[in-house]
Amino acid sequence: MSKEKGILFDVTLCIGCGECYKACKEENKLPQSNKDYLKDHLSDKTFTVVEQYGNNYARKLCMHCNEPSCVSVCPVGAFTKSETGAVLYDSNKCIGCRYCMQACPHKIPRYEWETTQPRIRKCVLCYDRVKAGKLTACAEACPTEATLFGDMDKLIEIAKDRLKENKDKYFQEIYGLKEAGGGHVLILSNVPFEQLGYTSLIPQQPMPEFTKRAMEKIPPVVAVGGLFLTGMYWLTKRKNQIAKEENESLHRKYYHEN
Ligand code: SF4
Ligand code: SF4
Ligand code: SF4
């Protein structure tokens, strides 16, 4: 049996109750950062969110990529891909370069802008719980099984069966299976994924080779064509977004302290 674990999130089963969000906060000892969980954003204090789009609710969290860009760009090996499939982070190794934030195609890693010893923060697929044979906290808390945790091969099978047996109900794709080479979080939906704020235009190939080269400013030797251009688009957008977050955080800090 596969040891690789993951999450299957099914938008059509989600009632937006926020139990996954609350369980994640509790499990990771994170403070309540927004009274209305539906209005919260991913941050150094929030590793998963539930967002409302009309009658639909969509969870966002680290996709635990099969070939993670965050791992490949990190110059000191602070990110690692574990045997369960979870992508882990070691703050003792981190030098704060924030390459991982720029390289992630799903815009996941967040930085502790407001502490003296900042770390990168993100979902770790409840690594310790999973190693102890438990479900992730979010899957355990979900009352409708909209968030399912299990072996990756089983989750892929379930997702494919749902699509096959409910052609009118589901948008006929599994988000996360191929994006950026695929990962350990799969998503099913009744509408196209970009309508739920999931990042579209992600190449289906793994991105590490490209992102590493771009970060090191080494010209591409092999023909990567569209992948290179899409990647450049991503990186430029991410750099601007991160600069904006940093500015906003500095402003907040300044006005708070003055
Ligand atoms: S989604 Fe981003 S942070 Fe998560 S494993 Fe993939 S590249 Fe790394
Ligand atoms: S897997 Fe664990 S860390 Fe990740 S979102 Fe779920 S509860 Fe949070
Ligand atoms: S706990 Fe389950 S049903 Fe509730 S918001 Fe999270 S995924 Fe949706």
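Whatever order the structure lists ligands and atoms in, that order sets their numbers, starting from 1.
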Report summary line: Separation between CG (Asp151) and NZ (Lys5), nearest 0.5 Å, reads 3.5 Å
**Report entry** Distance criterion under 2.8 Å: protein N/O/S atoms around atom 4 (Fe) of ligand 3
**Finding:** 1
Report task. Can you measure from CZ (Phe193) to OG1 (Thr199) and round to the nearest 0.5 angstrom? Result -> 12.5 Å
Query raised in the report: In terms of hydrophobic clusters joined by side-chain contacts under 4.5 Å, are Leu88 and Val71 together?
Result: no
Query raised in the report: Taking only heavy atoms of Cys24, which atoms of ligand 2 are found under 4.0 Å from at least one of them?
Result: 3 (S), 5 (S), 7 (S), 8 (Fe)
Query raised in the report: For Cys104, does its backbone N or O pair with a side-chain atom of Gln102 as donor and acceptor, under 3.5 Å?
Result: no
Report summary line: ligand 2 to Cys138, heavy atom cutoff 4.0 Å, flagged ligand atoms 1 (S), 6 (Fe), 7 (S)
Query raised in the report: Can you pull the residues with any heavy atom under 4.0 Å from ligand 1?
Result: Cys62, Met63, His64, Cys65, Pro68, Ser69, Cys70, Val87, Cys104, Pro105, His106, Ile108, Pro109, Lys122
Report summary line: One should read off an interatomic distance between Leu13 CG and Tyr57 OH, to the nearest 0.5 angstrom, of 14.0 Å
Requested in this report: Would you mind listing which atoms of ligand 3 come within a distance below 4.0 Å of any non-hydrogen atom of Phe9?
Outcome: 7 (S)
Query raised in the report: Which of the atoms of ligand 2 are close to Thr48, meaning less than 4.0 Å from one of its heavy atoms?
Result: 5 (S)
Query raised in the report: Which ligand 2 atoms, with their elements, are less than 4.0 angstrom from a heavy-atom of Thr136?
Result: 1 (S)
Query raised in the report: Just by modelled atom types, is the Lys29 backbone N or O under 3.5 Å from a matching donor or acceptor in the Lys25 side chain?
Result: no
**Report entry** Any donor-acceptor pair under 3.5 Å from His64 side chain to Val87 backbone
**Finding:** yes
Query raised in the report: Atoms of ligand 3 less than 4.0 Å from Arg59 heavy atoms?
Result: 7 (S)
**Report entry** Single hit among Asn56, Thr12, Asn55, Asp168 for side-chain hydrogen bond (donor to acceptor under 3.5 Å, both in side chains) with Asn190
**Finding:** Asn56
**Report entry** Single-linkage hydrophobic cluster Leu61~Tyr53, side-chain heavy atoms < 4.5 angstrom
**Finding:** yes
Query raised in the report: According to the interplanar angle, ranging from 0 to 90°, do the rings of His106 and Tyr175 count as parallel (below 30°), tilted (30 to 60°) or perpendicular (above 60°)?
Result: perpendicular
Requested in this report: Report, in ascending order of atom number, the atoms of ligand 2 lying under 4.0 Å from any heavy atom of Asn28.
Outcome: 3 (S), 8 (Fe)
Query raised in the report: Looking at NZ of Lys134 and CZ of Phe149, how far apart are the two atoms once the value is rounded to the nearest 0.5 Å?
Result: 12.5 Å
Query raised in the report: Would Met63 and Leu125 show up in the same hydrophobic cluster when neighbours are defined by side-chain heavy atoms closer than 4.5 Å?
Result: yes
Query raised in the report: Linking I/L/V/M/F/W/Y whenever any side-chain heavy atoms sit under 4.5 Å apart, do Leu42 and Tyr37 land together?
Result: no
